[in-house]
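Below is one structure, written out as structure tokens; comments come after it.
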Amino acid sequence: MEPIEPIVTRFPPSPTGNLHVGGARTALFNWLYARRHGGKFILRMEDTDRERSKQEYVDAILDALTWLGIDWDEGPHFQSRRGPIYAEYIQRLLDTGNAYYCTCPPEVLERKRKAALEKGQNPVYDGTCREKSLAPREGAVVRLKSPKTGATVFEDRVKGPISTPNSQLDDLIIARSDGSPTYHLAVVVDDITMGVTHIIRGDDHVSNTPRQIAIYKALGVEPPVYAHVPMVLGPDKKRLSKRHGAASVTEYREMGYLPEAIVNFLARLGWSHGDQEFFTVDELEEKFSLENIGKSAGVFDPARLLDLNADHMRAADTSRLAGLLIPHLEKRGVTVEDRARLKDAVETLKPRAKTLEDMAESALFYFTPIARYEEKGDKKFLKAEFLPALELLSAELEDVDVANQEAVEAAFGAVMEQTGLGFGKIAQPVRVAITGKTASPGMFETMRVLGNENVKSRLKNAIAYIKAKEQG
RNA sequence: GGUCCCAUCGUCUAGUGGCCUAGGAUAUCGGCCUCUCACGCCGAAGACACGGGUUCGAGUCCCGUUGGGACUACCA
């Protein structure tokens, strides 16, 4: 069932914190849906909470979305700047008899609520002012005159039909005593005036939906299509939050994750396309659909993200990876002046790195002298037993260009013949000598990228090191 | 308390009444490959929450139970 009208979706974060992975997924779904159907994606800041909304969070959210590659066709709009529009709609509701002023004191309301709760009754507003036709007055709030009978039904595109008895619906406050709009009113007015056709949001909003539909009806506007996507949970099955570790998109950037991997992972958390796990962003745009969103909440599993990131690293363009790696190297005090060499290094590390951080760590030996040998490798391979092999290799390599793999292989061959050792026996000590570690990319590519100077001097250093060690 | 939503391996999921002896991925374990690591390959273990229906036949439909969750503000 394809939409006939051009579709319009939106993402309305509150700038009260960084972009959360749950929010990022909601943004992604809205964006993908709009892109998939050639529609429009709007960004809107719900910044009516003056206390907690901060400009730095606006910037952080924009930055995180941009990093993920989620761009918007309109906005960002700011609710804080739309006061007159809300006032106009509130007045319209008042004029048409769909809303009324209420002067019930908050304390009284609170008392009634408690009493109702104790008696096991539903704590909805009792309608004291509903039929009083009160005139505007200082300190009065405006309430929506909600339907009291029947039921509100809507067809959720992921959950199916959802029906709520109207007896549950409160005469909710749409304007505070200071005249400012409440959340429900603002959302509905925004979505109407911005022409939003599809609302894709977290399923913590399903029970809010009938309230909002009541506002649409009071306004005489056809409600949009709703699609409520399940929550993202932490490993303890509780709603994902900071205490589960990294919860904001920015943190993943810092940990060296690729944006396309995050996007892929987020898309697959709750949505599926048969058995496919790996998706490029283009593929997602092409295949995303509301129909294939699951109904139940999903746990954010960092292990899966890590694995998926490794897949995307392998698939990524080497030059791009090299560029992305630079900040992670600089963090470790490495300044890269030879971009071509960096690219060669990345090429060798690509199949074995899980993140950019991981890759930077593994790449260190290419760019900085060996400070100290890894303990395990030192004990096992930098000892007298391998001294002849290292010395022979050092000599064989003297006039050889390490970039010439054939020549290097020949040098190794000569050492193998003279010592009677197999390649594996020789390679490990050499590896420790030139990389400082027991694990590295293949011997020949490692040498090639390291370069003549490094290889030869490090071999000599290791030989001297062993000799010194043996002499006590 | 009320209303609403949800329920397949540890985790993400496929499954839309017979193709299910429940598939894939990830994580775990074992093996292979191999100059190390990683990749890759092979294999093991691992799930339809429970109980009733409906049906010739139910993971799939209905009801109930249990267990999770959301909402129930002059927050969003």
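For clarity, every value in this text was computed on a predicted model and none was experimentally measured. In what follows, chains carry the letters A, B, and so on, assigned in the order in which the sequence lines appear, proteins first and then strands, with residues in each chain numbered from 1.
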Please work out if [X] contacts a base, only the sugar-phosphate, or nothing of the nucleic acid, heavy-atom cut-off 4.0 Å.
{"X": "A:Ser167", "answer": "nothing"}
{"X": "A:His184", "answer": "base"}
{"X": "A:Asp204", "answer": "sugar-phosphate"}
{"X": "A:Ser440", "answer": "base"}
{"X": "A:Pro165", "answer": "sugar-phosphate"}
{"X": "A:Pro441", "answer": "base"}

Measure the distance from [atom1] on [X] to [atom2] on [N] and round it to the nearest whole Å.
{"X": "A:His77", "N": "B:rA76", "atom1": "NE2", "atom2": "P", "answer": "19 Å"}
{"X": "A:Asp203", "N": "B:rA70", "atom1": "CG", "atom2": "C1'", "answer": "7 Å"}
{"X": "A:Lys159", "N": "B:rC71", "atom1": "NZ", "atom2": "P", "answer": "13 Å"}
{"X": "A:Leu109", "N": "B:rU72", "atom1": "CG", "atom2": "P", "answer": "15 Å"}
{"X": "A:Leu185", "N": "B:rA76", "atom1": "CG", "atom2": "C1'", "answer": "14 Å"}
{"X": "A:Gln212", "N": "B:rC71", "atom1": "CD", "atom2": "P", "answer": "13 Å"}
{"X": "A:Tyr125", "N": "B:rC74", "atom1": "OH", "atom2": "C1'", "answer": "13 Å"}
{"X": "A:Phe423", "N": "B:rC35", "atom1": "CZ", "atom2": "P", "answer": "7 Å"}

Applying ring pair (Phe, Tyr, Trp, His ring centres under 6.0 Å), can you list everything that pairs with [X], at least two apart in sequence or on another chain?
{"X": "A:His312", "result": "A:Phe278"}
{"X": "A:Phe265", "result": "A:Phe300"}
{"X": "A:Phe29", "result": "A:Phe288"}
{"X": "A:Phe412", "result": "A:Phe423, A:Phe444"}

Strictly distance-based, threshold 3.5 Å: is any side-chain N or O of [X] a donor or acceptor partner for the main-chain N or O of [Y]?
{"X": "A:Arg268", "Y": "A:Gln276", "result": "yes"}
{"X": "A:Asn292", "Y": "A:His273", "result": "no"}
{"X": "A:Arg25", "Y": "A:Leu269", "result": "yes"}
{"X": "A:Asn166", "Y": "A:Thr152", "result": "yes"}

Nearest-nucleotide pick for [X], side chain only, options being [options]:
{"X": "A:Pro106", "options": "B:rC71, B:rC74, B:rA76", "value": "B:rC74"}
{"X": "A:Ser207", "options": "B:rC71, B:rC35, B:rC4", "value": "B:rC71"}
{"X": "A:Asp49", "options": "B:rC71, B:rU36, B:rA76", "value": "B:rA76"}
{"X": "A:Arg113", "options": "B:rC74, B:rA70, B:rU36", "value": "B:rC74"}

Atom pair CD1/OH of A:Ile215 and A:Tyr89 - distance to nearest 0.5 Å:
12.5 Å
Considering only the [atom1] atoms, how many Å lie between [N] and [M], rounded to the nearest integer?
{"N": "B:rA27", "M": "B:rA38", "atom1": "P", "value": "12 Å"}
{"N": "B:rC74", "M": "B:rC50", "atom1": "P", "value": "43 Å"}
{"N": "B:rU16", "M": "B:rC62", "atom1": "P", "value": "16 Å"}
{"N": "B:rG51", "M": "B:rA58", "atom1": "C1'", "value": "15 Å"}
{"N": "B:rC20", "M": "B:rC37", "atom1": "P", "value": "39 Å"}
{"N": "B:rC71", "M": "B:rG17", "atom1": "C1'", "value": "35 Å"}
{"N": "B:rA14", "M": "B:rU8", "atom1": "C1'", "value": "10 Å"}
{"N": "B:rU26", "M": "B:rC39", "atom1": "P", "value": "10 Å"}

My understanding is that a pair needs two contacts under 3.5 Å, Watson-Crick or G-U wobble. By that rule, which nucleotide pairs with [N]?
{"N": "B:rU11", "value": "B:rA25"}
{"N": "B:rC4", "value": "B:rG69"}
{"N": "B:rC41", "value": "B:rG31"}
{"N": "B:rU55", "value": "none"}
{"N": "B:rC50", "value": "B:rG64"}

Kindly assign one of parallel, tilted or perpendicular to the pair A:Phe154 and A:His228, based on the angle between their ring planes and the thresholds 30° and 60°.
perpendicular
Heavy atoms only: give me the nearest A:Thr209-A:Arg201 pair and the separation to one decimal.
OG1-NH1, 3.1 Å
Here the pair of heavy atoms bringing A:Leu28 nearest to A:Ala267 is CD2-N, 3.8 Å
Can you give me the N/O atom pairs linking the protein to nucleotides 12-21 of chain B at distances under 3.5 Å, or say none if there are none?
from	atom 1	to	atom 2	distance (Å)
B:rC12	OP1	A:Val299	N	2.7
B:rC12	O2'	A:Arg268	O	3.2
B:rU13	OP1	A:Gly270	N	2.5
B:rU13	O3'	A:Ser272	OG	3.3
B:rA14	OP1	A:Ser272	OG	2.7

Answer yes or no: are there more than 12 heavy-atom neighbours, outside A:Glu155 itself, under 6.0 Å from its atom CD?
yes
When A:Arg239 and A:Val141 are each assigned the nearest nucleotide of RNA chain B, the 5'-most assignment goes to A:Arg239
Would you mind telling me which residue lines up with the more 5' stretch of RNA chain B, A:Gln168 or A:Ser180, judged by nearest nucleotide?
A:Gln168
Phosphate contact (B:rC74 OP1 or OP2) by A:Ser177 side-chain N/O below 4.0 Å:
no
Phosphate-side-chain proximity, A:Lys238 and B:rG69, N/O vs OP1/OP2 below 4.0 Å:
yes
If the sugar-phosphate is the primed atoms plus P, OP1 and OP2 and the base is the rest, what is the B/S/- string for nucleotides 39-48 of chain B, using protein heavy atoms under 4.0 Å?
S---------
